[in-house]
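Heads up: the structure comes next, in structure tokens.
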Amino acid sequence: MARKSFLAGLGSGMLKKLYVEDALKMPEGSEVELLGWIRNKRIHGGLIFLDLRDRSGIIQVAVKRGVVPDGEFEQAESALRESAVRVSGTVRHDPRAPNGVEIRCRRLEVIGPSLDDFPIRKGVKVKFVLDNRHLHIRSPRVAAIMKIRARLLSAARNWLESRGFIEVNCPSFITAAVEGGATLFEIDYFGRKAYLTQSSQFYQEAAIYSLEKVYSLQPSFRAELSRTRRHLTEFWHLEAEMAYAELEDILKVIEELLYAMVLGVYESSQRELELLKLKIDPDAAKPPYPRISYAEALEILDRKGIKVRWGDDFGADEERELSKEFEKPFFVTYWPREAKAFYHMPDRENPDVCRNADLLAPGGFGEIVGGGQRIHDYDQLLERIRENGLNPEDYKWYLDLRKYGSVPHSGFGLGVERVLWWLLKLPHIRDACLFPRTPARVYP
RNA sequence: GCCGGCGUAGCUCAGUCUGGUGGAGCGCCGGGCUGUUAACCCGGGGGUCGGUGGUUCGAAUCCACCCGCCGGCGCCA
């Protein structure tokens with residue numbers, strides 16, 4: 001990398017060379033220059049303590065009158081929280097400093113002053129934090145979650161690529177529902193009705209006839225007025241589809257992938273997990289995962305005194321109770337036809353159930369992945385579309401896929417924020433997003 | 001969509017039951033302070049009490065409607 005960056009014209013080398021976490025590890029007496037933000041400040045007359053934050057951590061900077069030029073001392077005195085500063089000085093190992101290390105400042109420059117008192121501080125309420133999310137994301141906790149999120153996705157991509165899946169990018173504007181009509185965001189597409197996609201599944205099913213094993217990672221949109229800690233209106237959807245694959249094949253992909261994601265976070269993010277006061281046990285996500293059928297799930301619930309009518313989906317209570325029975329994520333397989341979407345493949349022996357599965361996380365977190373085998377026969381798919389009261393015209397191109405060399409295939413969709421929510425035991429799924437979108441919130 | 005809660009200073013809240021000139025802590029501003037850890041001490045400014053209408057001599061407070069957000073359910077990843 002060229003040291004003379006495009007920023008060089010702005011001044012004496014703005015390019016950042018050192019992060020706080022590195023400075024914390026440097027030997028006594030090292031000369032350093034740090035660029036960051038003032039997280040907090042304590043003034044004692046001729047001595048000021050700054051807590052300097054950057055993306056990697058926080059370090060105390062001691063600014064003494066007489067040691068730094070007077071003008072710079074006064075700048076430090078008047079700088080409000082979250083002012084951006086450049087400081088240079090000497091690393092001192094001092095037990096009086098937090099973490100035992102501080103910078104004795106010799107030069108200080110306010111690069112970007114805070115024009116107002118920074119509104120985010122400890123003790124603010126949920127509404128205020130969410131209204132000021134654009135400022136709140138500066139907190140070390142949010143930064144840690146976002147770093148982990150990036151590594152989780154990176155691990156997922158690496159694993160899928162290593163298994164021969166090819167990434168595809170699918171449209172977000174669509175004309176027909178994948179799941180059902182009620183949950184689509186309708187938009188005006190130059191006078192025509194269009195919708196925001198709720199899944200890329202159908203496009204991936206098309207793509208397997210070209211690329212055989214594909215995946216995509218992009219947002220899906222659900223116009224559900226769901227006020228719960230596990231719903232977003234916009235969420236990142238990791239979906240994959242494989243040609244020549246039946247139910248059990250895709251279940252193996254799901255469990256291996258999830259394990260790779262958990263392992264990826266475990267191996268890359270100990271610092272962040274520590275900051276979040278979390279311990280991850282990768283063995284608790286190690287395949288194989290238990291597989292219970294929908295029918296078996298009903299029996300378990302029945303033994304616990306919870307009656308579910310055959311054909312009904314599980315509610316929040318049922319999922320929670322069921323997930324208490326398992327230490328690892330577990331599959332609930334072979335759902336009744338009437339509980340699931342039309343494209344799921346009915347089972348050969350028992351056509352009342354589908355060859356599909358939901359993956360539920362233990363500890364009451366509920367569904368994080370849904371998937372299964374798709375109908376690949378033209379007539380069977382047409383029949384199921386009609387049975388569901390849908391118009392085959394709306395699914396013309398999707399049906400077309402069954403007319404030219406159709407093969408058994410399976411796929412799944414994984415909710416990225418759901419996985420993070422479960423893995424990091426977050427209080428709310430919105431904590432897994434930089435700027436969450438919920439029914440009541442599209443700002444900031 | 002349904003059930004519940006909340007809305008008073010920049011923030012966190014008290015005051016509402018029982019109507020009578022709006023308060024505290026923190027932040028901010030001014031002063032002091034050379035080892036703090038959410039520093040501390042002294043002083044100061046700061047409000048359409050979510051909105052509209054009503055009752056009343058008088059409404060943050062009582063009534064009606066509306067708006068916004070939070071928690072849960074249903075639905076889903």
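The model shown is predicted, which means the values in this text are computed figures rather than measured ones. Below, read A as the first sequence line, B as the second, and so on, with proteins coming before strands; counting in each chain starts at 1.
- Although no hydrogens or angles enter the test, the distance criterion places a donor-acceptor pair under 3.5 Å between the side chain of A:Gln204 and the main chain of A:Glu239.
- A:Lys64 comes within contact range of at least one nucleobase, with a heavy-atom separation under 4.0 Å.
- Distance noted for atom P between B:C11 and B:G50: 13 Å (whole Å).
- Using a 4.0 Å heavy-atom cutoff across all strands shown, A:Gln60 reaches at least one base atom of the nucleic acid.
- One can place CG of A:Leu257 at 17 Å from P of B:A77, the figure rounded to the nearest angstrom.
- Partner assigned to B:A64 is B:U52, using Watson-Crick or G-U wobble distances below 3.5 angstrom.
- A distance cut-off of 5.5 Å between ring centres, combined with a plane angle under 30°, leaves A:Phe49 outside any stacking arrangement with the base of B:A39.
- Under 4.0 angstrom from either OP1 or OP2 of B:G71 there lies at least one side-chain N or O belonging to A:Arg227.
- One C1' atom belongs to B:U48, the other to B:A60, and the distance between them is 12 Å to the nearest Å.
- The side chain of A:Arg441 lies closest to B:C69, out of B:C69, B:C73, B:U36.
- For A:Leu47 and B:C33, the CG to C1' distance is 10 Å, given to the nearest whole Å.
- Ring geometry for A:Phe326 against A:Phe330 counts as parallel: the plane angle stays under 30°, on a 0 to 90° scale with 60° as the upper cut.
- Panel note: side chain A:Arg104, backbone A:Arg92; no donor-acceptor pair is recorded below 3.5 Å.
- Between A:Leu251 and A:Thr333, some side-chain heavy-atom pair lies under the 4.5 Å cut-off.
- In this entry the distance linking NZ of A:Lys41 with P of B:C28 reads 7 Å, nearest Å.
- Figure legend. B:U37 is base-paired to no nucleotide; pairs are counted as Watson-Crick or G-U wobble with both atom distances under 3.5 Å.
- Atom name P, nucleotides B:G22 and B:G51: the rounded distance is 16 Å, in whole Å.
- Of the charged side-chain nitrogens involved, none lies within less than 4.0 Å of a carboxylate oxygen, so that A:Glu417 and A:Arg437 do not count as a salt-bridged pair.
- At a threshold of 4.0 angstrom between heavy atoms, the contacts of A:Asp358 with the nucleic acid are absent.
- Within the nucleic acid shown, A:Leu414 has no heavy atom closer than 4.0 Å to any nucleic acid atom.
- Atom CD of A:Glu239 is separated from atom C1' of B:C76 by 13 Å (rounded to the nearest Å).
- Rounded to whole Å, atom P of B:G50 lies 13 Å from atom NZ of A:Lys127.
- When distances are taken from the side chain of A:Val126 to each of B:C70, B:U36, B:G74, the shortest belongs to B:C70.
- Summarising the base pairing, B:G4 is matched to B:C70 through a Watson-Crick or G-U wobble pair whose two defining distances lie under 3.5 Å.
- For a distance-only test at 3.5 Å, the side chain of A:Thr183 fails to qualify as a donor-acceptor partner of the base of B:C75.
- Using a 4.0 Å cut-off, no side-chain N or O of A:Arg81 falls inside it from OP1 or OP2 of B:G10.
- No donor-acceptor contact under 3.5 Å links the side chain of A:Arg121 to the base of B:G27.
- Without hydrogens or angle criteria, A:Arg81 side chain to A:Lys41 main chain gives no donor-acceptor distance under 3.5 Å.
- Proximity of A:Asn40 to the phosphate of B:A39: a side-chain N or O atom is located under 4.0 Å from OP1 or OP2.
- Side-chain proximity of A:Arg96 to B:C75, B:G1, B:U36: nearest is B:U36.
- Residue-level contact check: A:Leu232 touches the bases, meaning some heavy atom is under 4.0 Å from a base atom.
- Nearest to the side chain of A:Ser226, among B:C73, B:G35, B:G74, sits B:G74.
- Salt bridge annotation for A:Lys340-A:Asp358: present, with a cationic side-chain nitrogen under 4.0 angstrom from a carboxylate oxygen.
- Rounded to the nearest 0.5 Å, atoms CG (A:Leu273) and CG (A:Leu424) are 7.0 Å apart.
- Note on A:Gly66: nothing from the nucleic acid sits closer than 4.0 angstrom, heavy atoms only.
- Partner assigned to B:G46 is none, using Watson-Crick or G-U wobble distances below 3.5 angstrom.
- Protein atom CD of A:Glu319 is 13 Å distant from nucleotide atom C1' of B:C73, rounded to whole Å.
- Scanning atom types as modelled, one donor and one acceptor separated by under 3.5 angstrom connect the side chain of A:Arg230 and the base of B:C76.
- Picking from B:C70, B:G74, B:C76 the nucleotide with the shortest atom distance to the side chain of A:Arg430 gives B:C70.
- A:Arg39 comes within 4.0 angstrom of nothing in the nucleic acid, heavy atoms only.
- With P as the reference atom, B:A39 and B:G47 are 27 Å apart, rounded to whole Å.
- Rounded to the nearest Å, the gap between the C1' atom of B:U37 and that of B:G19 is 48 Å.
- Atom NZ of A:Lys125 is separated from atom P of B:G71 by 12 Å (rounded to the nearest Å).
- Taking atom P on both B:C42 and B:G4, the two are 47 Å apart, rounded to the nearest angstrom.
- Mapped onto RNA chain B by nearest heavy atom, A:Pro95 and A:Gly46 fall at different nucleotides, with A:Gly46 at the one closer to the 5' end.
- One atom, CZ of A:Phe185, and another, P of B:C76, lie 16 Å apart when rounded to the nearest Å.
- Across all strands shown, A:Leu80 has heavy atoms under 4.0 Å from sugar-phosphate atoms exclusively, and none from any base.
- The aromatic ring of A:His44 does not sit over the base of B:G35; the criterion of centres under 5.5 Å apart with planes under 30° is not met.
- Closest-nucleotide positions on RNA chain B for A:Ser78 and A:His428 were compared, and the one nearer the 5' end corresponds to A:Ser78.
- Separating the P atom of B:U61 from that of B:A77 is a span of 47 Å, rounded to the nearest Å.
- In terms of modelled atom types and a separation under 3.5 Å, the side chain of A:Asp94 and the main chain of A:Arg96 share a donor-acceptor contact.
- Phosphate contact (OP1/OP2 of B:A39, side-chain N/O of A:Arg42, threshold under 4.0 Å): present.
- If you check B:U21 for Watson-Crick or wobble pairing at under 3.5 angstrom, you find it has no partner at all.
- You won't find any donor-acceptor pair under 3.5 Å spanning the side chain of A:Glu224 and the base of B:G1, going by distance alone.
- Taking atom P on both B:C73 and B:C29, the two are 44 Å apart, rounded to the nearest angstrom.
- Contacts of A:Ser220 with the nucleic acid, taken as non-hydrogen atoms under 4.0 Å apart, are absent.
- On a pure distance criterion of 3.5 Å, a polar donor-acceptor pair joins the side chain of A:Arg418 and the base of B:C76.
- Taking the six-membered ring for Trp and thresholds of 30 and 60 degrees, A:Phe202 and A:Trp397 have ring planes more than 60 degrees apart, a perpendicular arrangement.
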